[in-house]
Structure formats: structure tokens, C-alpha cells
Number of protein chains: 2
Amino acid sequence: MLTKKTRYTVIGAGHGGKAMAADLAARGFPVTLYNRTAEHIQEIFVRQEIDVEYENGISRCCRLALVTSDIGEALDGADVVMVVVPAWAHREIAHACAPHLRDGQIVVLNPGRTGGALEFQQILRRESCAADAIVAEAGTFIFAARSTGPAQARILRRKNAVPLAALPATRTGHVLEALCEAYPQFIPVPNVLHTSLDNMGAIFHPALTLLNAGWIESTKGEFQFYIDGVTPSIAHVLEVLDRERVTIAAALGVRTRPALQWLKDAYSAEGETLYEAMQANPGYQGIKAPRSLRHRYILEDVPFSLVPIASLGAQFGVDTWAIDSMVRLACVAHGTNYFQRGRTVEHMGLAGLRVSEVVRYVQEGQIDPLSIFATARLDGR
Amino acid sequence: MLTKKTRYTVIGAGHGGKAMAADLAARGFPVTLYNRTAEHIQEIFVRQEIDVEYENGISRCCRLALVTSDIGEALDGADVVMVVVPAWAHREIAHACAPHLRDGQIVVLNPGRTGGALEFQQILRRESCAADAIVAEAGTFIFAARSTGPAQARILRRKNAVPLAALPATRTGHVLEALCEAYPQFIPVPNVLHTSLDNMGAIFHPALTLLNAGWIESTKGEFQFYIDGVTPSIAHVLEVLDRERVTIAAALGVRTRPALQWLKDAYSAEGETLYEAMQANPGYQGIKAPRSLRHRYILEDVPFSLVPIASLGAQFGVDTWAIDSMVRLACVAHGTNYFQRGRTVEHMGLAGLRVSEVVRYVQEGQIDPLSIFATARLDGR
């Protein structure tokens, strides 16, 4: 087991990345912070410190071991690489990391959205990354955090349990062991299909944003997103979207909770219908809507949550009529082809695989040699 | 030419039907009012009168010649049959009228939405209606009117020009002649493809309702529909939808105005973009949103405006990606398959026809005999 000396590299200095880097440093871990654009971390680079304010109001000044925009330098010597970037940056990060990864290094996507670890791994293969690095993904980000200045971050809330799986699942235990000294909140789920398909943001974020588009743009989000913005008709749309997600998961042998059950488990929010449960959820009180439509609820959750779910549905024979309609609407609203830009089974390295092959791959990392020839994709290993 | 003695039958005693029946009676025409459900016209039946309040505040009590829920009785002796019902009732009215229509009777759909006259005519054919009746459609309803009581109606506004076409177009002049004593506002357009495709409600109503769904349901429509509810992103969606409509019209040889031009013509609303023009339109000031999603802006405009436009697009090779996404979203929100319930080229009697055949049909009423065999639909004539 790795000791307290576990060396962390945090990739990304946004809301989450700064908070995590500071928090890890505050707990005594040596932390490297990487950001692609040097200007964004200029002040942190000069100070080598981040000020973090905790949930309880206490502030700390946290010293980092290294601040860099050189990915080779950032990965050099890291035990665990915490990737804390929006899903649209996963590809680029994977390409950037591929030449620098070393045997035994652990890469954790915080979170992967749908298929993040699968796509990351697939890029490492394609880039002929020879290192025996381990890619894992979290189901959600461990904090609710905000950037409050160039070298400042605030942690608003810390989640009690964050699902995590490695690819393949046989290595999940090893990853959790490496992480547990810093974050015992990470809990294992059977494999990355679980972290990927237990994606409630996919269901809630784009639909609520699009079906409240006028309200959001007219008021700059001045209403309660999950209360005012969730009406009986909208909750019905969410239920239909969620049913498609649950059905696709079932087709892949993954038993994922419907949104209604998830609300009960995560928030003790009770109700006969999704509408009732969302209205009854005190955790949703006071959460404002996004200020505009150019928000990660569309920009991230459409191409990297809904599109991969729809793509899995298409491959495994589950109709995703409602999800498709939501993606299309986002495409029309933003004048962008999210189906094309998003994450598909091809990106995830699952194109052409049967369910049993997908399961073997996520569980054991094994691909049937015939499938390799059939798809001509998973070369280099 | 028909004299002041033109006998009118108004079909439908809703907001528009009561207003039109009263208005025609007030102008000295003998008027029969028909409504399918006798209870809805019970008070009018007892009184044989409707109280109408005009735009200028003056009220009149208007005596009707006949009030009935017997369609045979309603049509007997009518010169002009004004159908003033939501488009979802056109089919049923056509079936009900078919056995009772007589040579020379004129049926006007007020309005037809997209393909109303085509579908009405097609039902008359299928029902082997032998009468040489003329079916026509208006592009919009001639009044803005409200029902203000069981035997009361209020006319809020009267439109200056209402496009009208008969099927076939060779008979448009005859219809206008019959109507002009009562309503000189009706103006001819080349054929029913024009009245059907110059359908701005198709573009504005479903999209604005769906993209403001949360706001509508949360506030019961307490915001300005065409001002607050039209934001830059939403206006962009409208532009994309409108481009599909205009392209389909062009594929059928119909030059229809883009929404931006229509706003300039109809309201003198100026702007570089649809967003600017809608915000600048004083005619939109004060118009509230619908109070719920179960409103004709979805229930009527999705199946009888967007679906027929999409169906024409599919037949004539115009992609209707945005329109389809809007219809799908309505289907998901209402749990209803509007593609199936709506009006398609089959209902309009256009399935399998080439553009030249469609044009000949709407212009002259002629169908290529080979097409008749090919589609095996247009029998009975």
C-alpha cells in the first residue's frame, strides 16, 4: 500500500481542481497542479499556494509542491493523477498524458461522465502507450466547490460516498487502496459501466436546461432550478429519459437505480412520482438555474452523457427516442452537431462488441481476439 | 353572384364559431349554428340568440336562423359552411359532412392549419361524396375572439387581410365572390399549398411553448409569451425551424416569406434577426403565455402544423431535423405519438405524388391517372 507520501498530480485548475489540490496539500500530500494554459495559473505559480475556505468557514493557505503547464513535468513522479476537467477535455488530456505515463500510475477521472475511463483508455491504446497505468473514473466530483479568486477556492460541501471503478474492474481495489488515505469516501462499484450509467446529470441537466430555456435566458437563471423548473410535464419528460437510461443499463447487465429511487437514497426525498420527490427534496432548495444556455449542463452533459448513452442504446438495441430528441434540440439550439462531437461506442472502444465482450472487457480488460480483428480498433496491446 | 341572402352554416360553437355566427347574423345573413355536443349550445338553442360585444365596445344580440347538433339539418340549404373548429376536429367534421353535402356548397376551414383542405377533400373522396362541393381554407382565423359566456362572445380584433385558397385553385375566385359580401378581408393566394405553408403558428407556437415549459407550468403562463419567452437561443431555434418550412415550400414551388419578413409585413416589426424583430414588435406586448402545456399550441400545432410540414419534407427530400426534434419533444412531454396522430401526406392525399402532380392537383384538381393507380388512394371520382 502507498504511504502518506502518495504523490498527487491534479490536472485542471478550475473550480474543482483548485479545491482538490489545496485540500490534498492541506492533508499533507505532495501535490502538483497542472493546467494547460499557463496564464490561468499564473498567480498560483508565483505564490505556489492556494487559499482554501472549508465548509466550516475555516480558511487555510496550502502550499503546492509544483505548479506547471508542462504535462511531462506534471506526471513525472506522480502516484495518482486526479483529472478534474470537464469531460470535453478528457480526450486532449489523454493524448497529452499518453507519452508520459509510467507503470503503476493511477489516473482518476473526477468524474468520467459516461464512458470517460473507456475513452481515456482507448486513446492510450491508440497512442501506443506502453505503460501499465490504471485508468479509473468516479461517478461524481467529491466536492461541491467554487473558485473564488485566481489562487482561491471554496469547498461548499463534501460528498459522503463517491462511486469509483477502475478499468478493468480487477484493479478497482488497488485504486481505492491508493486513494483511501486521502479520500475514504470513494466506494467501489462493480465496473465502469456502473459509474457511467448511474449518471443522473445526464437525465436532469440537459432536459431541465432546455425546457426552461426561455426562463433561463430571460432571467439569467433567477429561479430555483430543481423546484420551479421542475413541473409535472417536465418531470414526466425526465421519467421517460430515465427509463431509457435504466433500460440501456439493464441491456448491459447493469442494474441502475431509477431517478426516483436515487432521490430517495441520496436525499431521502420521498414521493410517488419524480415530480413529488424533486419538489420534496430539501437538498434542491435554493439551487439557482444556470445563468445561460452555454453551460456545462448542455456543453458537457449532452455530448459526454446523453450521446454516449444513446450510442450504447443504438448498439445494444434499446430505443432512445426521448434522449435523441433532447440531443437534437440541443444541437438545434446551439447550432452544433453534438452527435458528431460527442462520445460514442467508437470512442469508448466498444463498437462491434457483444454484451458479453463488453462485460469481459470492463471486468477483466480482456477482449476476445476475434473481436479485435472484427473491430480493428483495439490494437497495441 | 350570391345575394345578401347567402345562407351560412357555422360549424363549431367555440370562441371563434360563436363570434362568427353572431357577427354574420348581425350583418343580416341567415345563420345556422351547429355544434356536435348539444349540451354546449343548450343556452343558445333555447334563446336562438348570441350576444356579441364588438371591438369598439358596442354589444348586440344576434338572432340565429337555426341552432342544431344534427349535421344533416345544419347543412341543409346552406350556401357556405364555415368550419370553425380546432384542426383535430377537421377529420370528424369531414366524415360527418360527406353524406349531406350538395352540389355548389362551399366549405371553408377557418383556418386549415397545414393541409386542412387537402385532408377534408380526401375524406370526401374516400367517403364517396358525389356532391360537387368546394372545399377551401383560410390561412388564419378572421377574428381574435373570446367566448365570454354560454351564449356570449367578444370580438377583440378583426384582421385586415386573410389569405384564402380553394381546392382546386381554379375555384378560389368563386369562393371569394360568395364570401365577399360578408368578409371582403379574404384575399386570394395561388393555391392551398400557400395557405398551408405560410403557417407561422407552426414555427412559433410549439417551440415557444416547449422551450418555456417550466416557466409556463410554474407560473401558469404569467409572462409575456412573445417577449420574455423569446430569447436569443430560442429565436435561433425558431429561425432553424422556419428555414426548414421555407425550404419545403420552395421544394413545392411555393415562395413563402421567412418569419422575419412576415413580422415586417404583418406588424412592421423591424430587426436584423428574428430576436430583434420579435422584441421590437408592439403587437406582441402584453400577450401572455398559455396557462398550461395542454394547449392548442401543442395539441393542434404539433399534429396539424408541424407533422404535415415534416411529412411533406420527407416526401420531397427536405430534411426536417429541427421540426422533427420539436415534434418528438412534444411526443415525450405528452406521452402521445403525434407523428401517428397527426396529418401526413397520406391524409392529404399526396402520398406518392411528384411535385408536378401535387401542383396540378392543387391548381386544377387533376390527378395523373397513373398516380391514382400508383397510390390506390384517390378512388371514387
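Below, chains carry the letters A, B, ... as their sequence lines are ordered, and counting in each starts from 1. All of these numbers come straight from a predicted model, not from anything done at the bench.
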K.L.:
Quick check on L293(B) against chain A: is it the side chain, the backbone, both or neither that has a heavy atom closer than 4.5 Å?
P.N.:
side chain
K.L.:
Looking at R257(A), I'd like to know if its CZ atom is crowded, meaning that more than 12 non-hydrogen atoms belonging to other residues, nucleotides or ligands lie closer than 6.0 Å.
P.N.:
yes
K.L.:
May I ask you to check whether over 12 heavy atoms, not counting those of R36(B), lie within 6.0 Å of atom CZ?
P.N.:
no
K.L.:
V332(B) and S325(A): which non-hydrogen atoms are nearest, and at how many Å?
P.N.:
CG2-OG, 4.1 Å
K.L.:
What part of V237(B) lies closer than 4.5 angstrom to a heavy atom of chain A: side chain, backbone, both or neither?
P.N.:
both
K.L.:
Can you confirm whether more than 12 heavy atoms, excluding those of H236(B), are under 6.0 Å from its NE2 atom?
P.N.:
yes
K.L.:
Give a yes or no on whether Q285(B) atom CD has more than 12 heavy-atom contacts from other residues, nucleotides or ligands under 6.0 Å away.
P.N.:
yes
K.L.:
Is there side-chain contact between S218(B) and W215(A), with heavy atoms separated by less than 4.5 Å?
P.N.:
yes
K.L.:
Tell me, do L329(A) and R328(B) make a side-chain contact under 4.5 Å, heavy atoms counted?
P.N.:
no
K.L.:
Between H334(B) and S233(A) (side chain of the first, backbone of the second, donor and acceptor by atom type, cut-off under 3.5 Å), is there such a pair?
P.N.:
no
K.L.:
Are there over 12 heavy-atom neighbours, none belonging to R91(A), within less than 6.0 Å of that residue's CZ?
P.N.:
yes
K.L.:
Top residue by heavy-atom pair count (under 4.5 Å) with chain B, among A333(A), G229(A), S292(A)?
P.N.:
A333(A)
K.L.:
What is the minimum heavy-atom distance between L210(A) and L211(B), and which atoms define it?
P.N.:
O-CD2, 3.4 Å
K.L.:
Please round to the nearest 0.5 Å and tell me the distance separating atom CD of E217(B) and atom CG of D228(A).
P.N.:
12.5 Å
